[in-house]
Q: 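Supplied in structure tokens, the structure appears directly below.
As the structure lists them, so they are numbered: ligands from 1, and atoms in each ligand from 1.
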Amino acid sequence: MRVTVVGGGIAGLTCALSLHAAGFAPRVYEAARKVEAVGVGINLLPHAVRELDELGLDGELASVALPPHRLSYRDRTGETVWEEPLGRPAGYRWPQYSVHRGRLQMLLLAAVRERLGPDSVRTGLLFQRFEQSAGGVRAHFLDRSSGLPVVDDADVLVGADGIDSVVRSRLYPDESLPNGNGVHMWRGVARHPHILDGRSIVVAGGTPGAKFVAYPIEDPATPAADALVNWVLEVRHGPSAPPPGGPGRRVTAAEARAGLSSWNLPWIDLTAIAERSSAIFEYPMLDRDPLPRWSFGRVTLLGDAAHPMFPMGMNGGSQSIVDSRVLAWCLARDDDAEAALRRYDRMRRPAVNAIVLANRDLGPEETIARAEEHDGELPLGQAEEIATRYKRLAGATVPQVNTHPSWTVPVIAADQERLHG
Ligand SMILES: Cc1cc2nc3c(=O)[nH]c(=O)nc-3n(C[C@H](O)[C@H](O)[C@H](O)COP(=O)(O)OP(=O)(O)OC[C@H]3O[C@@H](n4cnc5c(N)ncnc54)[C@H](O)[C@@H]3O)c2cc1C
């Protein structure tokens with residue numbers, strides 16, 4: 001079965017690796033002329049790390065990522081509201097990883113090129129439209145260098161082209177723009193001494209728009225050196241003062257210092273964080289309404305193209321990794337591509353749609369918002385109840401992650417030979 005993947009982000013590249021592991025030789029088409037290590041920090045939760053481990057990537061991941069051991073909710077003065085262990089200390093068989101998104105993407109890209117061949121990811125090709133028939137699906141791209149059209153014929157087309165997915169817009173031509181909740185995020189990475197024990201993710205403040213998040217993504221190179229710390233400050237612009245510059249606007253160090261000046265967190269030097277960040281960018285917090293269907297005949301959606309969500313539970317990218325593994329499993333089980341895509345849709349869409357909606361209600365961060373409303377005090381057991389409820393929804397409790405049957409498809413020797421020569 002020939003599979004074409006549109007988009008070379010975390011979702012598209014993991015999809016390609018998952019399909020390859022299941023015996024396929026997919027092609028990836030990416031609009032950017034070159035895949036570059038852009039972005040800031042991201043957390044891969046144990047349910048995603050398990051899938052990357054089963055793709056044979058745990059060693060490489062461990063070499064570029066840090067395993068945080070603790071999630072620490074704090075108030076605006078830095079005092080602890082609630083804490084829970086993460087990854088292995090919480091009982092998972094897999095760690096959680098904090099990693100630079102760009103490094104993760106380059107790791108995935110290198111693995112795709114090594115396993116599927118140097119030409120498996122074609123860059124500078126902008127997906128425009130598709131048409132499908134009983135016999136296959138034809139995708140049309142624009143070569144951004146030559147301006148010439150490029151056509152690709154396949155049995156299955158996967159749209160992994162992110163929140164502004166063109167594949168999705170062809171399936172849902174009347175869908176409006178993404179939804180914003182009025183919150184903007186200033187995101188940066190800076191050299192700074194390790195915060196707290198150097199293995200904590202700190203979420204301080206409370207309600208969306210009044211929150212500061214920080215966690216390390218790289219240890220100091222020497223004992224005297226600084227760690228690399230990822231940070232996010234949520235801000236709200238008044239309705240009369242729309243943010244200048246639109247999404248991806250660069251925030252100056254002076255502006256960041258002013259934004260952070262009302263915070264008093266004794267374990268981090270916020271002035272240094274603002275001044276030492278190589279670049280700070282502002283993005284609106286966006287999602288899209290859950291879809292009634294992802295799969296249409298031979299075409300389906302995956303990752304942010306299928307389910308962009310507010311970043312409340314560190315789950316968007318992690319869920320796209322699970323999508324990829326389940327999609328490959330479905331395609332390997334069924335010679336009928338359309339039936340396989342219907343099965344994938346049934347297995348993933350209701351579960352992930354529920355996370356999108358839960359994140360609109362703050363997801364696991366309901367804990368810190370409730371605490372802020374009640375002067376830092378939470379009724380006994382409420383934080384545990386919120387955390388467990390969200391994990392269950394995300395397929396991320398310790399028993400769910402540790403014991404669910406593997407999505408790995410046994411590839412028979414003949415297929416291996418066909419693939420690897
Ligand atoms: C502040 C913040 C923090 C987050 N933290 C976490 C976290 O801790 N953990 C987590 O799991 N998730 C997190 N997320 C979510 C996560 O970043 C996304 O869910 C994930 O990166 C989406 O990956 P993707 O590959 O689906 O989309 P993208 O990364 O957007 O990739 C899409 C790719 O498709 C390409 N493309 C687009 N259009 C076309 C076209 N027409 N033709 C060809 N190619 C095209 C793009 O160039 C891009 O390379 C966070 C998000 C935010 C905003």
Q: Let me know which protein residues bring a heavy atom to under 4.0 Å of ligand 1; chain then number is fine for ordering.
A: Val6, Gly7, Gly8, Gly9, Ile10, Ala11, Tyr29, Glu30, Ala31, Ile42, Asn43, Arg101, Leu125, Leu126, Phe127, Ala160, Asp161, Gly162, Val166, Met185, Arg187, Gly303, Asp304, Pro311, Met314, Asn315, Gly316, Gly317, Ser318
Q: With no hydrogens and no angle check, just 3.5 Å: does a side-chain donor-acceptor pair link Thr252 and Arg250?
A: no
Q: Here's a test for you: under salt bridge (charged side-chain N to carboxylate O under 4.0 Å, His left out), which of Asp153, Asp155, Asp152 qualifies with Arg2?
A: Asp155
Q: If you measure from OG1 on Thr408 to CZ on Arg325, what distance do you get to the nearest 0.5 Å?
A: 3.5 Å
Q: Whether Arg122 and Glu30 form a salt bridge (side-chain N of Lys/Arg under 4.0 Å from carboxylate O of Asp/Glu) is what I want to check.
A: no
Q: Run the numbers on Lys391 and Glu84 for salt bridge (charged side-chain N to carboxylate O under 4.0 Å, His left out), then give the verdict.
A: CA-CA 13 Å; Lys391 284 190 193 118; Glu84 67 170 334; 2.8 Å; yes
Q: I'd like to know if the side chain of Trp231 pairs up with that of Ser277 as donor and acceptor (distance under 3.5 Å, no hydrogens or angles considered).
A: yes
